[in-house]
Peer 1: 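Structure incoming, see below.
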Amino acid sequence: MVEVMAEPGRNGDLHQLVDRLSAGVVGRVREIELAVAAIASDRHIVIEGPPGTGKSTLLRAIARELGIGFEFVEGNAELTPARVVGHFDPARVLSDGYDPDVFVPGPLATALQNGSLLYIEELNRVPEETLNVLITVMSEREITVPRLGRLEAAPGFRLVAAMNPFDAVGTARISGAVYDRMCRIAVSYQSTDDETMIVQRAVASGPPDETKDPIDWIGLVVELVRATRSHPDVRIGSSVRGAIDMVFVANSLAELRELPVLAPKVSLDAALVSLSGRIRVREGTTRTPEDIITELWEATFNRTTGEGGGETEGKAGAPTGATTSR
Ligand SMILES: Nc1ncnc2c1ncn2[C@@H]1O[C@H](COP(=O)(O)OP(=O)(O)OP(=O)(O)O)[C@@H](O)[C@H]1O
Ligand SMILES: [Mg+2]
């Protein structure tokens, strides 16, 4: 059992933990509670959701706040079982043989030994043979390493993982055997309010500067980014990272071009630079990402840019000339 469970004031501890997590993570109260409840009861969890929905933010905060230590593993095609479990140092094997001292523990062996969290990013990029090791360790709480012997999990060992859904770019389908050993928390895109707050926090380095980042400006950027997710020609829209980038780029561009951030020449170019590479256009459509972003920008920003009379200038300033004729 983890410490948060063993303490007599367990309920209070869990509440405090949830409060501490809520201070660092915008919104996601339900997900925080579910994750804390699952981890405190010694379950393995996977958080699944589209890119940029705060999975890593949440798991990193949990790993930090639990105070039991965690081993971090980035899931990718090169993650062999030896890299996760550990290996015998070949040079020292020559001189000392297969002595336990010669074994270099990987993150899994360390987490098992210390009873800490094994935190795996991008679980669905982990190769099959490495997943098989994780499947064993999740249910048996031990693994057998050739020439070393049995490694048993100390109390507190759990696996927490984050991953994108199967249909996201470059992801594989996770087998039922993995899912069957874990609790799953599904996250979807943030609410408008949370997303606005996330962008505000990301761009604010100090007290909010209303002239540089007027609230309605960030609101419009978030509205535009959210619109990319429901456009009929777009398969996967931009995450909140696109909104954060757009605000940063627009601030710099406004300075460079000596124009306000809301000027079309600034906001459209910032939108194109920040969002056109982030959207995945549906197969079969002839439209370009630039074309779609420009259309959405016009729909979102015209209300504001029209007032300043800068609309024409903004359209002329589109770098691709891909503006629609509306
Ligand atoms: N709830 C949140 N609270 C604070 N910041 C957040 C939240 N959600 C997202 N962010 C911010 O948005 C960005 C993306 O978040 P994060 O890396 O956690 O997403 P993710 O779900 O792990 O994405 P991926 O699937 O691409 O790994 C980060 O800059 C993070 O700070
Ligand atoms: Mg992540």
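Both counts, for ligands and for their atoms, begin at 1 and track the order of listing. Starting from 1, each residue takes its place in the sequence as its number. Worth saying up front: this structure is predicted, and the values here are computed from it rather than measured.
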Peer 1: Who passes salt bridge (charged side-chain N to carboxylate O under 4.0 Å, His left out) against R60, sequence neighbours left out?
Peer 2: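 R60: no salt bridge (charged side-chain N to carboxylate O under 4.0 Å, His left out) contacts found.
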Peer 1: Under 4.0 Å between a side-chain nitrogen and a carboxylate oxygen: does that hold for R184 and E31?
Peer 2: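 A salt bridge is absent here (no side-chain N lies under 4.0 Å from a carboxylate O).
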Peer 1: For each nitrogen or oxygen atom of ligand 1, which protein N/O atoms lie closer than 3.5 Å, and how far apart are they, rounded to 0.1 Å?
Peer 2:
| residue | atom | partner | partner atom | Å |
| --- | --- | --- | --- | --- |
| ligand 1 | 1 (N) | V26 | O | 2.8 |
| ligand 1 | 3 (N) | V26 | N | 2.8 |
| ligand 1 | 8 (N) | Q190 | NE2 | 3.3 |
| ligand 1 | 17 (O) | R241 | NH2 | 3.0 |
| ligand 1 | 18 (O) | S56 | N | 3.4 |
| ligand 1 | 18 (O) | T57 | N | 2.8 |
| ligand 1 | 18 (O) | T57 | OG1 | 2.5 |
| ligand 1 | 19 (O) | G54 | N | 3.2 |
| ligand 1 | 21 (O) | T53 | N | 3.1 |
| ligand 1 | 21 (O) | G54 | N | 3.1 |
| ligand 1 | 21 (O) | K55 | N | 2.9 |
| ligand 1 | 21 (O) | K55 | NZ | 2.7 |
| ligand 1 | 22 (O) | S56 | N | 2.9 |
| ligand 1 | 22 (O) | S56 | OG | 2.7 |
| ligand 1 | 23 (O) | G52 | N | 2.8 |
| ligand 1 | 23 (O) | R241 | NH2 | 3.1 |
| ligand 1 | 25 (O) | K55 | NZ | 2.7 |
| ligand 1 | 25 (O) | N164 | ND2 | 2.9 |
| ligand 1 | 26 (O) | R241 | NH1 | 3.0 |
| ligand 1 | 26 (O) | R241 | NH2 | 3.2 |

Peer 1: When you check the space around the Mg ion (ligand 2), which protein N, O or S atoms turn up under 2.8 Å?
Peer 2: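 The answer is S56 OG.
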Peer 1: Angle class for the Y98/F88 ring planes (parallel below 30°, perpendicular above 60°, tilted otherwise)?
Peer 2: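 Y98 and F88: perpendicular rings.
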Peer 1: Can E121 and S56 be counted as having a side-chain donor-acceptor contact under 3.5 angstrom?
Peer 2: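 A donor-acceptor contact under 3.5 Å links the two side chains.
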Peer 1: Can you confirm whether the side chains of R226 and T192 place a donor and an acceptor under 3.5 Å from each other?
Peer 2: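 There is such a pair between these side chains.
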Peer 1: Do S139 and R181 have a side chain donor and acceptor closer than 3.5 Å?
Peer 2: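 Short answer, yes.
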Peer 1: Any side chain to side chain donor-acceptor pair (under 3.5 Å) involving residues 69-84? Give me the pairs, sequence neighbours left out, ordered by first then second residue.
Peer 2: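 Qualifying pairs: none.
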Peer 1: Other residues, nucleotides and ligands only: do more than 12 of their heavy atoms fall within 6.0 Å of CZ on R147?
Peer 2: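 Atom CZ in R147 is not crowded, with 12 or fewer foreign heavy atoms closer than 6.0 Å.
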Peer 1: Look at R141 together with E152 and state whether they make a salt bridge at an N to O cut-off of under 4.0 Å.
Peer 2: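 So R141 does not pair with E152 through a salt bridge.
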